[in-house]
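Below: the structure, in structure tokens.
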Amino acid sequence: MKIKRKANQFFLLLSILTTVFLSGCWDVKQTERMVYIHSIGLDYKDGKYIAYLQIINLGLLAKSEAGGSNNQVTAELGHASGNTVEEAIFNIYQTTQRRLFWGHIAYIVFTENVLKQGGLQAITDILDRYVETYYQIWIYLTEDSIPNILHAMPNIGMSTDLSRLSDPEPSFKQFSYIRPIDLRRLIILNNRPPNEIVLPIISGNHQSWEADSKHMDAAILNGLGIITNDNLKGYLSNSKAKGYRWMNKDFQRSEITIKGKEGMGLLLRNLHVKVTPVIKHNEVKFDVKIKAKVHINKVRRTNSLEEISSEAKRKIKKEIMDTYLEGLKLDSDIYRLSNVLYIKNYSTWKRIQHDGKIPLNNHSINNIDINLKIIDAGKQRNKPTLIKRKYPSHP
């Protein structure tokens with residue numbers, strides 16, 4: 001009995017001691033009392049960085065999605081300046097009413113001046129190290145005013161989290177033009193030859209959409225910017241960047257118009273791109289093979305399928321080469337041909353590379369082979385829907 005009593009006392013004492021080391025709720029963060037950062041804008045003027053933080057109320061967004069009132073403010077914008085990016089952000093802390101939470105950042109917008117000052121390195125380093133942030137943060141460039149971008153809201157009172165900038169994948173799947181890049185992919189591309197990153201350029205648009213006869217702010221894609229980790233190589237406008245979409249393996253869906261003013265609209269889907277290095281006499285060139293399925297969207301007159309396919313191939317080839325040559329003017333390997341050689345023939349890449357890039361010229365793309373398979377003409381045949389009828393004349 002005596003031994004049993006001592007054993008019970010021992011286990012009682014052990015239980016009391018172990019409770020000392022149990023975690024409690026004293027360090028819990030009350031989510032309803034925090035403010036959530038949705039997007040960041042960075043600019044550089046007059047020798048100082050300017051940081052913009054857009055904050056949202058998650059509870060209000062949930063009501064909006066459920067069809068509640070849209071009269072309340074769904075997003076607010078704060079800003080402050082500093083000698084460094086970190087200092088500018090900490091200066092915003094001086095005016096915030098609650099603790100800011102960084103785990104819901106959807107996108108970041110930079111200006112060219114920020115890139116020239118090394119701001120991209122600064123903010124990616126902060127986000128990569130801070131414990132609350134994730135890697136799916138979309139990155140954009142702009143030549144516009146940062147507030148113009150951050151004030152753009154989704155249509156018909158939808159959640160701020162479903163805007164074109166914070167959730168770009170659905171828009172890209174419907175119209176594949178310039179692939180959005182998140183923080184994870186930016187870091188990967190920066191560490192692989194040719195160590196360049198292609199980012200979408202956006203600006204504010206105030207003319208395309210109206211609500212109750214009032215113009216709405218919206219974000220619009222203006223082209224692409226080619227950057228390195230500490231420099232901006234240059235911009236390509238939409239008209240010069242058309243070929244970029246055909247060389248993108250993430251391509252989902254895009255259109256092309258052929259036959260000049262008569263206009264025949266084609267929709268291309270299921271694009272497959274294969275780039276193969278061809279090495280002859282110490283010279284490296286590249287063959288490109290593209291396959292896609294085609295749907296006819298619009299016709300003005302009847303054309304043979306061979307004629308349609310041939311015209312589409314010619315135009316796609318031209319767009320690919322035009323964009324490639326525009327990239328060369330900026331000293332850019334816009335189709336990442338260096339990386340193709342790096343993966344498929346490392347010894348050759350190592351022999352001819354200089355700072356991660358291989359020498360490219362106007363003839364480095366040796367051949368472009370395009371195979372288009374016309375699937376259907378939509379709900380109609382390969383004839384115009386409205387045609388001029390011909391009737392027999394009266395005797």
Side-chain angles (χ1 to χ4, degrees), residues 37-55 77-96 100 102 105-130 132-133 135 137-152 165 178 180-192 194-204 219 221-237 327 329-334 355-357:
I37 301 173
H38 182 249
S39 59
I40 301 174
L42 281 180
D43 197 359
Y44 186 86
K45 288 181 180 177
D46 302 325
K48 289 186 177 295
Y49 287 97
I50 306 173
Y52 296 84
L53 299 185
Q54 185 196 52
I55 60 175
L77 190 62
H79 65 89
S81 61
N83 293 319
T84 65
V85 173
E86 193 173 14
E87 184 178 300
I89 291 173
F90 269 79
N91 284 339
I92 296 180
Y93 285 154
Q94 298 180 20
T95 57
T96 55
L100 299 183
W102 295 76
I105 299 174
Y107 65 93
I108 302 176
V109 185
F110 295 93
T111 64
E112 179 181 348
N113 289 336
V114 171
L115 292 173
K116 289 179 179 177
Q117 299 299 322
L120 177 63
Q121 290 175 316
I123 190 64
T124 52
D125 201 46
I126 292 171
L127 296 176
D128 191 32
R129 294 174 188 277
Y130 193 48
E132 288 181 353
T133 56
Y135 286 96
I137 300 173
W138 303 104
I139 314 291
Y140 301 97
L141 268 177
T142 186
E143 297 176 288
D144 201 350
S145 162
I146 293 288
N148 281 350
I149 305 295
L150 299 187
H151 280 309
L165 301 181
I178 298 172
I181 299 293
D182 62 14
L183 181 61
R184 171 184 166 276
R185 188 162 176 77
L186 182 143
I187 294 173
I188 293 173
L189 294 177
N190 181 65
N191 289 311
R192 289 182 180 176
N195 309 108
E196 295 176 354
I197 306 149
V198 173
L199 291 179
I201 302 174
I202 57 171
S203 65
L221 190 61
N222 281 341
L224 58 84
I226 304 164
I227 69 171
T228 61
N229 65 340
D230 60 352
N231 189 28
L232 171 68
K233 287 202 164 185
Y235 298 116
L236 291 186
S237 63
K329 291 178 184 177
L330 301 175
D331 188 32
S332 170
D333 179 4
I334 193 167
D355 286 338
K357 291 178 59 178

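One-based numbering along the sequence shown. What you are looking at is a predicted structure, and each value in this text was computed from that prediction instead of being measured.
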Is there a side-chain contact between [X] and [Y] (heavy atoms, below 4.5 Å)?
X: I123; Y: L42; answer: yes
X: L165; Y: I202; answer: yes
X: T124; Y: L183; answer: yes
X: K45; Y: I50; answer: yes
X: L186; Y: W138; answer: no
X: I334; Y: L224; answer: yes
X: V109; Y: I149; answer: yes
X: L53; Y: L77; answer: no

Measuring from [X]:[atom1] to [Y]:[atom2], what's the distance to the nearest 0.5 Å?
X: I105; Y: E132; atom1: CD1; atom2: CD; result: 9.0 Å
X: I37; Y: L100; atom1: CD1; atom2: CG; result: 4.5 Å
X: L189; Y: N195; atom1: CG; atom2: CG; result: 9.5 Å
X: Y130; Y: T133; atom1: OH; atom2: OG1; result: 8.5 Å
X: I92; Y: E87; atom1: CD1; atom2: CD; result: 12.0 Å

When you measure from the side chain of [X] to the backbone of [Y], do you find a donor-acceptor pair of N or O atoms at a distance under 3.5 Å?
X: D333; Y: P194; result: no
X: S81; Y: A88; result: no
X: Q54; Y: L150; result: yes
X: N231; Y: T228; result: no

Hey, can you pull the donor-acceptor pairs under 3.5 Å for the side chains in residues 110-118, sequence neighbours left out?
from : atom 1 : to   : atom 2 : distance (Å)
T111 : OG1    : D43  : OD1    : 2.8
E112 : OE1    : Y235 : OH     : 3.4
E112 : OE2    : K116 : NZ     : 3.1
N113 : ND2    : Y44  : O      : 3.3

Identify the heavy atoms of [X] and [Y] that sit nearest to each other, and give their distance.
X: T142; Y: I201; result: CA-CG2, 4.4 Å
X: I187; Y: N191; result: O-ND2, 2.9 Å
X: I181; Y: V198; result: CG1-O, 3.4 Å
X: G82; Y: N91; result: CA-ND2, 4.1 Å
X: S203; Y: N222; result: OG-ND2, 2.6 Å
X: N83; Y: K48; result: OD1-NZ, 2.9 Å

Practice item. Quick one: do I227 and L199 satisfy side-chain contact (heavy atoms from CB on, under 4.5 Å)? Show the steps, please. Key: CA-CA 8 Å; I227 69 171; L199 291 179; 3.5 Å; yes

Exercise for review: Could you check whether the rings of Y140 and Y107 sit parallel, tilted or perpendicular, using 30° and 60° as the cut-offs?
Suggested key: perpendicular

Check your understanding: Is the shortest distance from a Lys or Arg side-chain nitrogen in E196 or K357 to a carboxylate oxygen in the other one below 4.0 Å?
Key -> yes

**Study point:** Audit row: I226, I197, side-chain contact (heavy atoms from CB on, under 4.5 Å) steps and yes/no
**Key:** CA-CA 6 Å; I226 304 164; I197 306 149; over 6 Å; no

Point to revise | D125 vs Q121, side-chain contact (heavy atoms from CB on, under 4.5 Å): CA-CA, chis, key distance, verdict | key: CA-CA 6 Å; D125 201 46; Q121 290 175 316; over 6 Å; no

Exercise for review: Please step through side-chain contact (heavy atoms from CB on, under 4.5 Å) for the pair I40 and W102, ending with a clear verdict.
Suggested key: CA-CA 10 Å; I40 301 174; W102 295 76; 3.6 Å; yes

